Amino acid sequence: MHLNSTAESSTKIPRNPHARIIDAPMIDPAALYRRQVQESYSSLQLSSSISLFAAVLTLLVLSNTGDLHAGLYWFAYACAVFVFRFMLATRFHKQAHENAEFPHSRTWEYLLISGNVLVGLQWGMLGTLLFNSIDIHRQLFIVLVIVSYVGSAMVPFNSLKWAHPALAIPAAIPPTIYIFFMLGGTAWLSGTMALFFIVGMLYMAYPLHKRVVERLRYELENKALLERLSAYNNELDHQNIELKSRTDAVLRSGEEARRQADALASHVQQTLLPVITCTPEFRIIEWNDAAEALLGYRGIEVVGDNMGELLFPSERRANIGPYLHKLFRDKQPSMIEFPAVARDGQKIPVRYYVTPIFGDGGEPLRMSVIIIESYAELGIRRRRVISASADSGLSMTRPSSGDPVSSF
């Protein structure tokens, strides 16, 4: 037993915890009742037509047995019942087409049951008022007609509870009582067996009625389930469209961020200002061409080095730690001014414009350092360039407005 249970549990398919379980919908009893009425009226026109055709054949039988006069009265009654039931079905289907809710379903049920009672009385007359105690063929015909209506394969399958008894009881019980208990004496055994047969058929008709009702219930549940599934599919489609729109927006945002990052990186690399990017620990990440031209170090040589130890004078290096702590604590850009030590050992007076950069959660990511030479140093370098040019015999032209030296 243990092995079997283990094997069964191992073969179970795990359920997706995110899957939505669609429960069987609850069916409104009023909706089920309306569907029962619709089902009963769906074949009323056909059954009325069959009943009229049977009445025509019965009239011919009555004519052959010499009872045409009474048969005509009976047939007139049968025609009136046919007109009532057929017009009732026609009116019902017209209203069903105009109004699917059927606000007066109970009235339609009573009318249908009344029509069935009239039909039952119509066929019950054959076994009472029109019963012929002499002609055996006519007797067999009447019994056959009555039995067919009681034990019919179509009539017991009715969705309304009292629709079949309303027809079968007046069609079968009065003729049975008249034939076996009133006409020519009393046949208790035969009459009892006939009544038992009728009651048995009526009893068996009720489970058939329940099956029809259950079928209609399953039909409505299936329809409601499909509607709910369609609604879920529509909701899922809407969510997919919304998700796709959000995904496209994120992708566009990512593309725009990459373009901005590329543009910024290109700007940093090509700008005339020396720009250095460092980690929060002052480790160099990027070093542009202007910084290389000013300080003499190539970017590939200094990446990973500590910027303070590389560029700051030795007397300033002790202040690097406290300065970085204050910089990231205040979260504000800062400017410091002291010489930068170039690769050749020359100390260049510069200003460091340091901007801390933080992530979305406020954590320090890196810092950007822009180095600008002091105005005095720029003037000295400019005079050196002009003097060197004059000594070499070269003619000097006025610097353009794009020259970083002439712009100061």
Side-chain angles (χ1 to χ4, degrees), residues 5 7-47 87-113 154 156-164 206-262 359-362:
S5 61
E8 291 178 359
S9 61
S10 63
T11 56
K12 289 183 179 179
I13 299 177
R15 185 176 65 84
N16 184 0
H18 302 288
R20 177 181 292 181
I21 299 176
I22 303 178
D23 299 326
M26 298 296 295
I27 300 301
D28 182 14
L32 178 60
Y33 175 73
R34 288 193 297 268
R35 184 66 186 91
Q36 291 177 239
V37 176
Q38 291 177 351
E39 181 75 9
S40 296
Y41 273 90
S42 62
S43 59
L44 183 57
Q45 290 179 331
L46 177 60
S47 61
M87 294 302 296
L88 180 64
T90 303
R91 178 61 181 170
F92 176 85
H93 291 303
K94 182 179 179 181
Q95 181 172 339
H97 180 73
E98 296 173 353
N99 181 14
E101 293 298 326
F102 298 104
H104 305 294
S105 298
R106 190 68 65 178
T107 301
W108 288 110
E109 178 189 6
Y110 294 155
L111 290 173
L112 184 139
I113 292 177
M154 294 185 298
F157 286 93
N158 201 291
S159 57
L160 295 177
K161 182 178 180 180
W162 296 106
H164 174 252
Y206 182 72
L208 299 179
H209 153 73
K210 297 294 291 183
R211 291 183 184 179
V212 174
V213 175
E214 287 301 314
R215 175 178 63 82
L216 297 179
R217 184 190 303 274
Y218 293 147
E219 176 185 313
L220 293 178
E221 289 180 353
N222 183 61
K223 181 179 178 181
L225 190 61
L226 291 177
E227 292 177 352
R228 184 180 298 183
L229 182 61
S230 177
Y232 286 155
N233 287 335
N234 293 335
E235 180 184 355
L236 183 60
D237 291 341
H238 177 73
Q239 292 178 353
N240 288 337
I241 293 175
E242 184 178 357
L243 180 60
K244 183 178 182 301
S245 177
R246 292 180 180 179
T247 303
D248 292 341
V250 171
L251 292 177
R252 289 193 299 269
S253 177
E255 290 292 336
E256 182 64 23
R258 280 192 291 270
R259 286 195 294 268
Q260 293 179 0
D262 293 341
D360 295 335

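Nothing here was measured: the structure is a model prediction, and the numbers come from that model. Residue numbers run from 1 in the order of the sequence given.
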Legend entry - Straight-line distance of D262 CG to E255 CD, nearest 0.5 Å: 9.5 Å
Inset, instruction - List in chain and number order the residues that pass side chain to side chain donor-acceptor pair (under 3.5 Å) with T90, two or more places apart in sequence or in another chain; answer none if no residue qualifies. - result: Q45
Legend entry - Distance (rounded to the nearest 0.5 Å) between I113 CD1 and K161 NZ: 10.5 Å
Legend entry - Between CG on residue L111 and CZ on residue R106, distance to nearest 0.5 Å: 13.0 Å
Legend entry - Side-chain heavy atoms of E219 within contact of R35, under 4.5 Å: yes
Inset, instruction - For R217, enumerate each residue passing the salt bridge (Lys or Arg N to Asp or Glu O under 4.0 Å) test, keeping only those at least two apart in sequence or located in another chain. - result: E214
Inset, instruction - Could you tell me whether R259 atom CZ has more than 12 heavy atoms of other residues or ligands within 6.0 Å of it? - result: yes
Inset, instruction - Search all heavy atoms of L112 against all heavy atoms of L44 and return the closest pair with its distance. - result: CD1-CD2, 4.3 Å
Inset, instruction - Could you check if a side-chain atom of E256 sits within less than 4.5 angstrom of a side-chain atom of Q260, using non-hydrogen atoms only? - result: yes
Legend entry - Short side-chain to backbone donor-acceptor contact, T247 and L243, under 3.5 Å: yes
Inset, instruction - Output the distance between atom NE2 (H164) and atom OG (S40), rounded to the nearest 0.5 Å. - result: 12.5 Å
Inset, instruction - Report the distance from atom CZ of R258 to atom OG of S253, rounding to the nearest 0.5 Å. - result: 9.5 Å
Inset, instruction - Return the set of residues passing side chain to side chain contact (heavy atoms under 4.5 Å, CB included) with K94 (not counting sequence neighbours), or none when no residue passes. - result: R91, E98
Legend entry - Pairwise distance CG(L220) to CG(L225) - rounded to 0.5 angstrom: 12.5 Å
Inset, instruction - Keeping the roles fixed (side chain from H93, backbone from Y41), state whether a donor-acceptor pair exists under 3.5 Å. - result: yes
Inset, instruction - Return the set of residues passing side chain to side chain contact (heavy atoms under 4.5 Å, CB included) with R252 (not counting sequence neighbours), or none when no residue passes. - result: D248, A249
Inset, instruction - With sequence neighbours excluded, tell me which residues meet side chain to side chain donor-acceptor pair (under 3.5 Å) with E227. - result: none
Legend entry - Polar side-chain atom of N234 near backbone of S230 as donor-acceptor pair, under 3.5 Å: yes
Inset, instruction - Would you check if the side chain of Q36 reaches a backbone N or O of L160 as a donor-acceptor pair within less than 3.5 Å? - result: no
Inset, instruction - Only counting residues at least two apart or in another chain, list the ones meeting ring-ring contact (aromatic ring centres under 6.0 Å, His included) with Y33. - result: none
